[in-house]
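Each ligand, and each atom within it, is numbered from 1 in the order the structure gives. FYI, the numbering just counts along the sequence from 1.
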Amino acid sequence: MSEAAREVKYIFVTGGVVSSLGKGVASAALGALLKARGIDVTILKLDPYLNVDPGTMNPFQHGEVFVTDDGAETDLDLGHYERFLDLNMSQKNNTTTGQIYERILHRERRGDYLGGTVQVIPHVTDEIKKHIRKAAGEDAEYRVVICEIGGTVGDIESLPFLEAIRQFRLDVGRKNSLYMHLTLIPWIPTAGELKTKPTQHSVNKLREIGIQPDVLLARTSHSLTKGIKSKISLFCNVETDAVIEALDVESIYEIPLIYHEQGLDQLVCDMLDIATGAPDLESWTEMVRGVKEPEDEITILVAGKYTDLKDSYKSIDEAFIHAGVPNNTRVVAQHIETDGITRENVAETFTGGHGLLVPGGFGERGIPGKIEAIRYARENGIPFFGICLGLQTAAIEFARNVCGLETANSMEFDLLAEHPIISLMPDQEEVVDMGGTMRLGAYPCQLKEGTKAFEAYGTPLISERHRHRYEMNNRYRDTLEEHGMVISGVSPDNQLVEMIELNDHPWFVAGQFHPEFKSRAQRAHPLFRDFIRAAREYSKKQEG
Ligand code: GLN
C-alpha cells in the first residue's frame with residue numbers, strides 16, 4: 001500500500017431495524033458537511049442483491065435507475081450523493097453482489113485461482129475490499145470515502161459486505177476507519193414513549209459479527225431526551241455525544257444542518273484525526289431557506305407510468321425542488337396516470353396544473369393518454385417539458401396532429417408503423433441482452449442559437465446523460481421542421497436529434513436525454529429552472 005493510500009479515511013454506514021431509513025441521504029448529508037469543511041470526499045454504495053446492476057430491475061420494486069456520466073446504471077442513492085456533493089459519480093461508486101461474483105467467477109473460469117478453493121472469505125471479501133479502495137481514486141484523490149452498505153443488518157445477503165468492512169479496520173487502522181449505524185427509535189403512541197430495544201438488538205447483531213459502531217444516527221419522530229440518549233449509549237456501547245438525533249424533517253436538505261448543530265462533522269473529524277476549520281454552510285443554509293419558505297406554489301403534472309412508488313422519479317422530484325429555489329416557488333409534483341386520459345376528459349386532468357412533464361419510460365401502456373395530454377398542453381399554451389420518452393411522444397403527437405401523419409408512431413410501440421417517427425438506432429437492431437446495452441451515459445449536444453434551449457444553458461455545447469434505445473428518425477426531420485417544429489439540439493455530427501421545441505408556444509421543450517440526473521441542490525438544472533419559471537408565469541396569468 002502506498003503512503004498516500006494509507007492516508008485515506010473510510011466511513012462505513014450501515015442500517016438497522018428497518019429499511020428505508022434514508023442511509024443514502026444520511027451518507028450524502030455527512031458528505032456535504034465534510035465537503036463544506038474543504039475535505040475531498042466521495043461516496044460508494046455496496047448493494048447486496050444478486051443483480052449485476054439495477055438497470056434491468058422494475059422501477060416499481062427498486063425505484064429509479066440513476067445513470068452516471070460514464071454510462072453506469074446505478075442505485076438511486078448515487079443521485080443523492082451527486083446532488084448533495086455536487087460531484088459526478090461513476091461506475092466505481094456502486095457495486096453489487098452480482099458484480100463481485102461475476103468478476104470472481106470469470107477469474108475462476110480462467111484458472112486464475114490455480115486449483116485453489118474459491119471461498120467467501122477471503123476471495124469475496126477481498127474483492128469487496130478492493131472495490132472500496134478503488135473508490136478513493138488513483139493516488140488517493142479522495143481523502144475520505146464514505147461507504148454505504150445497502151440493506152439492513154441481519155440480512156443474509158449483506159453478511160460478506162459486513163465481514164469485509166470488519167476486516168477493513170484491521171487493514172487501515174482505527175484512525176482511518178469509522179462505523180456509523182443508522183437506526184430507528186420508534187415512538188409507541190399507546191405508551192407515549194420512544195423505544196430503544198430495536199436499536200439495542202440491531203447493534204448486538206453488528207457486534208456479533210465483530211463491528212462495534214462508533215456513531216449512531218437515530219431516526220426518530222420525537223426528540224430524544226437526555227435519558228434516552230444515555231440509555232442508548234449504555235446499551236449500545238457508544239458515547240452519548242456520538243448518539244446523534246436524526247429527527248424527521250420537512251426537507252432532506254436540512255439534514256446536514258441538523259447534523260452539524262449536534263456536532264457530527266466535528267466528531268467524525270476528531271475520531272478520524274482530520275484537522276480542518278468549521279464548515280462554511282452559508283450558501284447551504286440560504287438554499288434550505290429557499291426550499292422551505294418560498295413565495296409561491298405551483299403544480300406540475302407528471303405523466304409517468306410508475307406512479308405508485310414514490311421513488312420512481314426521484315431525480316425529477318429533486319430537480320423540481322432545486323428549480324423552485326431560484327424561482328421563489330414550491331413545486332408540487334402531481335403524478336398522473338395517463339391510462340384513462342382521452343380527448344374528451346383531458347381538460348379535467350389539467351385542472352389546477354400549471355405545467356406538464358412527460359418523463360422517461362418504457363413500453364406502450366399509457367401512451368395514447370400522454371399524447372392527448374401533450375396535445376392539450378401544446379394547443380393551450382401550457383408549459384411542457386419532455387424527457388426522453390417525453391420527447392418521443394411529443395414528436396409523435398406533432399407528426400400526427402400538426403403534420404397530418406396520422407399513423408406516426410415509435411417502433412417501440414409498432415414495429416411496422418407506416419411513419420416510424422421514432423425508430424431503432426441501427427446499432428440497437430442486433431441487441432439481445434437487455435442489461436447495459438442501451439445508449440447510456442453522457443453525450444455532447446450542439447444547441448441552436450436563438451432557441452429556448454440555448455437561452456436556458458447560455459452556451460452552445462452541452463453534455464447530458466442518456467438511457468434509451470430509440471431515436472428521432474432523420475427521414476422526418478424536414479417534415480417536422482416545415483410544420484414549425486424547431487430542432488434546437490443535435491449531436492455534434494448532426495446525426496441525432498437531441499432537443500426539440502416550439503417557438504409559437506410559451507415554453508414547449510423536450511430532450512432525448514435525462515437532465516434530471518444533473519440537477520444539484522445548489523445548482524438547479526437550467527431546463528428545469530426555465531420550465532418552472534414558465535409554469536409560474538402561466539399560474540400568475542391564470543390568477544390574474
Ligand atoms: N423507451 C424509450 C427508448 O428506449 C425511451 C427511454 C427513456 O425514456 N428513458 O428509447
Within 45° of the ring axis of Y443 and under 6.0 Å from its six-membered ring centre, is that where the NZ or CZ of R439 lies? yes

Pairs under 3.5 Å, N/O atoms on ligand 1 and on the protein: can you put them in a table with the distances?
unit_1, atom_1, unit_2, atom_2, d
ligand 1, 1 (N), G361, O, 2.9
ligand 1, 1 (N), E412, OE1, 2.7
ligand 1, 1 (N), E412, OE2, 3.1
ligand 1, 4 (O), R469, N, 2.9
ligand 1, 8 (O), G361, N, 2.9
ligand 1, 8 (O), L389, N, 3.0
ligand 1, 9 (N), R467, O, 2.8
ligand 1, 9 (N), H514, NE2, 3.1
ligand 1, 10 (O), Q392, NE2, 3.1
ligand 1, 10 (O), R469, N, 3.2
ligand 1, 10 (O), Y470, N, 2.8

Between R465 and E516, does any NZ, NE, NH1 or NH2 come within less than 4.0 Å of an OD or OE carboxylate oxygen? no

Side chains of residues 444-451: which donor-acceptor pairs under 3.5 Å do they make with residues two or more places apart or in other chains?
unit_1, atom_1, unit_2, atom_2, d
T451, OG1, K448, O, 2.7
T451, OG1, F454, N, 3.1

Taking the six-membered ring for Trp, is the centroid-to-centroid distance between F398 and H483 below 6.0 Å? no

Hey, is CD on E406 packed in by over 12 heavy atoms from elsewhere, all under 6.0 Å? no

Using the rule ring-ring contact (aromatic ring centres under 6.0 Å, His included), only one of F320, Y457, F517 pairs with H525; which is it? Y457

